[in-house]
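Down below is the structure, laid out as structure tokens.
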Amino acid sequence: MEPYGGGGAPPDARLAPRPELKRERVREHLLTVIDARRPGDAIPSERTLCATLGVSRPTLRAAVDELVATGLLVREHGRGMFVAPAKITQELVAEQHPAGAPRGQGGRGTWTSRVLELRTVRAGARIGRKLTLSPAADLVHVTRLRYVDGDPIALEQLHVPADLVPGLTVADMEGGFYAHLRERRGIRTAHAVQSIEPTVLSEEEAALLDVPVLSPALLFDRITSDTGGRPVEYVRSLYRGDRYRIVSRLALRDGAADHPAADAGPAGAWWGTVE
């Protein structure tokens, strides 16, 4: 083997860990720390973590920034870093199976609502088409904030044909709306078509959801129909990207005989809902 000369990098330089590998090691360590703690628990300081891992502060902060952005850690100025609240999970289910309200980690999480606005408006062309109504038809338009255990999670804009819910009140909308339709109006919701896409929050939306402007969010667009196929609701909802995630169960071809969901069709056949 030729001795090392002046050309090229010395062996120890060629074998030195790349910065991205250091960040990955730091990230894995932080995930282990997070897994061992509960939401709201503090994690060690930057100084302690740097000393433990033998990395610089910029390397540590790059990994922490990623975990803050994905909603696993929370920074509090002057206090330190903490494990973030557990994310709410929405499970996508096949259309043959009923969908339920998303739940927090371990099944926890109590959903509540606060109505910000309730008024009667004209359907207009776009929403009229979605609900198969005349543009001049009256709709009840409701804006409400959804909370889980007191934390704002979603901002919803609901549109309901006014003749289906005469006398609808704020109190009616602060409980479960589908339960209200079923128990008070005799309307049984049966299925929905829902799309989901990423977006960012405006200044007003971010203020209501208590996150920074331009924070990531999930935009849900849903049309719900009753047992007779009549559209009864059109909803656009914004869910906080740092507190909400989507999980789907997939039946693969080899198991299709045991899993009817495998024949559910294209992505549009999967949906979930929130009361």
Side-chain angles (χ1 to χ4, degrees), residues 9-91 102-112 114 145-155 196 198-219 237-247:
D12 59 339
R14 290 198 302 269
L15 297 176
R18 297 194 302 270
E20 58 267 26
L21 296 181
K22 284 187 178 181
R23 284 199 299 273
E24 183 62 24
R25 180 167 60 86
V26 173
R27 180 179 181 275
E28 287 301 317
H29 178 81
L30 290 172
L31 288 174
T32 301
V33 171
I34 291 168
D35 286 344
R37 288 165 167 75
R38 297 175 300 178
D41 285 351
I43 71 168
S45 67
E46 286 188 357
R47 178 178 297 177
T48 299
L49 288 168
C50 287
T52 300
L53 295 168
V55 297
S56 66
R57 287 212 170 181
T59 298
L60 177 70
R61 286 176 178 169
V64 170
D65 287 346
E66 178 187 346
L67 296 179
V68 169
T70 55
L72 294 176
L73 285 177
V74 174
R75 276 196 183 101
E76 293 189 13
H77 184 67
R79 295 191 62 217
M81 297 179 292
F82 300 84
V83 178
K87 290 192 177 186
I88 307 305
T89 299
Q90 169 72 71
E91 183 173 334
R103 296 181 296 178
Q105 187 176 18
R108 298 186 297 274
T110 300
W111 285 83
T112 55
R114 178 165 67 92
L145 269 174
R146 306 300 310 279
Y147 297 83
V148 173
D149 297 335
D151 293 331
I153 296 296
L155 177 65
I196 308 167
T199 187
V200 294
L201 298 173
S202 69
E203 184 174 358
E204 180 181 12
E205 294 160 350
L208 289 169
L209 291 172
D210 195 25
V211 294
V213 178
L214 300 181
S215 289
L218 293 172
L219 172 62
S237 307
L238 289 167
Y239 283 77
R240 284 174 49 174
D242 65 329
R243 292 293 312 278
Y244 206 80
R245 66 175 181 170
I246 304 297
V247 174

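As the structure is a computational prediction, the values presented were derived from the model and not from experiment. Only this structure's heavy atoms are used, side chains among them; waters, hydrogens and symmetry mates stay out. For reference, positions follow the sequence shown, starting with 1.
No donor-acceptor distance shorter than 3.5 angstrom exists from the side chain of Arg146 to the backbone of Trp111, with no hydrogens or angles considered. No donor-acceptor pair under 3.5 Å is formed between the side chain of Arg37 and the backbone N or O of Val83.
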Side-chain donor/acceptor pairs under 3.5 Å, residues 46-55, sequence neighbours excluded:
{"unit_1": "Glu46", "atom_1": "OE1", "unit_2": "Arg61", "atom_2": "NE", "d": "2.9"}
{"unit_1": "Glu46", "atom_1": "OE1", "unit_2": "Arg61", "atom_2": "NH2", "d": "3.0"}
{"unit_1": "Glu46", "atom_1": "OE2", "unit_2": "Arg61", "atom_2": "NE", "d": "3.2"}
{"unit_1": "Thr48", "atom_1": "OG1", "unit_2": "Ser45", "atom_2": "OG", "d": "3.0"}
{"unit_1": "Thr52", "atom_1": "OG1", "unit_2": "Thr48", "atom_2": "O", "d": "2.8"}

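To the nearest 0.5 angstrom, Glu66 atom CD is 9.5 Å from Leu30 atom CG. To the nearest 0.5 Å, atom CZ of residue Arg27 and atom CG of residue Leu72 are 8.0 Å apart. Atom OH of residue Tyr147 and atom OG1 of residue Thr110 lie 15.0 Å apart, to the nearest 0.5 angstrom. Rounded to the nearest 0.5 angstrom, Glu28 CD and Leu31 CG are separated by 5.5 Å. How far CD1 of Ile196 is from OG of Ser237: 10.5 Å, rounded to the nearest 0.5 Å.
Take Glu76 and apply the side chain to side chain contact (heavy atoms under 4.5 Å, CB included) test, not counting sequence neighbours, and it matches Val74, Arg79, Phe82. Remark: Leu219 engages Glu197, Thr199, Arg236, Leu238 in a side chain to side chain contact (heavy atoms under 4.5 Å, CB included) (not counting sequence neighbours). Val68 pairs by the side chain to side chain contact (heavy atoms under 4.5 Å, CB included) definition with Val64, Leu73, Arg75, not counting sequence neighbours. By the salt bridge (Lys or Arg N to Asp or Glu O under 4.0 Å) test, Arg114 is found to be paired with no residue, residues two or more places apart in sequence or in another chain being considered.
You'll find the side chain of Pro44 reaches within 4.5 Å of the side chain of Val33, heavy atoms only. Using a 4.5 Å heavy-atom threshold, the side chains of Ser215 and Arg240 count as separate. In this structure the side chain of Asp41 never reaches within 4.5 angstrom of the side chain of Ile34, judged on heavy atoms.
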Could you go through the side chain to side chain contact (heavy atoms under 4.5 Å, CB included) check for Val200 and Val213 one step at a time?
CA-CA 8 Å; Val200 294; Val213 178; over 6 Å; no

As a quick check of understanding, evaluate side chain to side chain contact (heavy atoms under 4.5 Å, CB included) for Leu155 and Leu201, giving each step before the final call.
CA-CA 11 Å; Leu155 177 65; Leu201 298 173; over 6 Å; no

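Residues Pro39 and Ala84 come closest through the heavy atom pair CB-O, 3.6 Å.
Within the structure, no pair that satisfies the salt bridge (Lys or Arg N to Asp or Glu O under 4.0 Å) test touches residues 198-214, not counting sequence neighbours.
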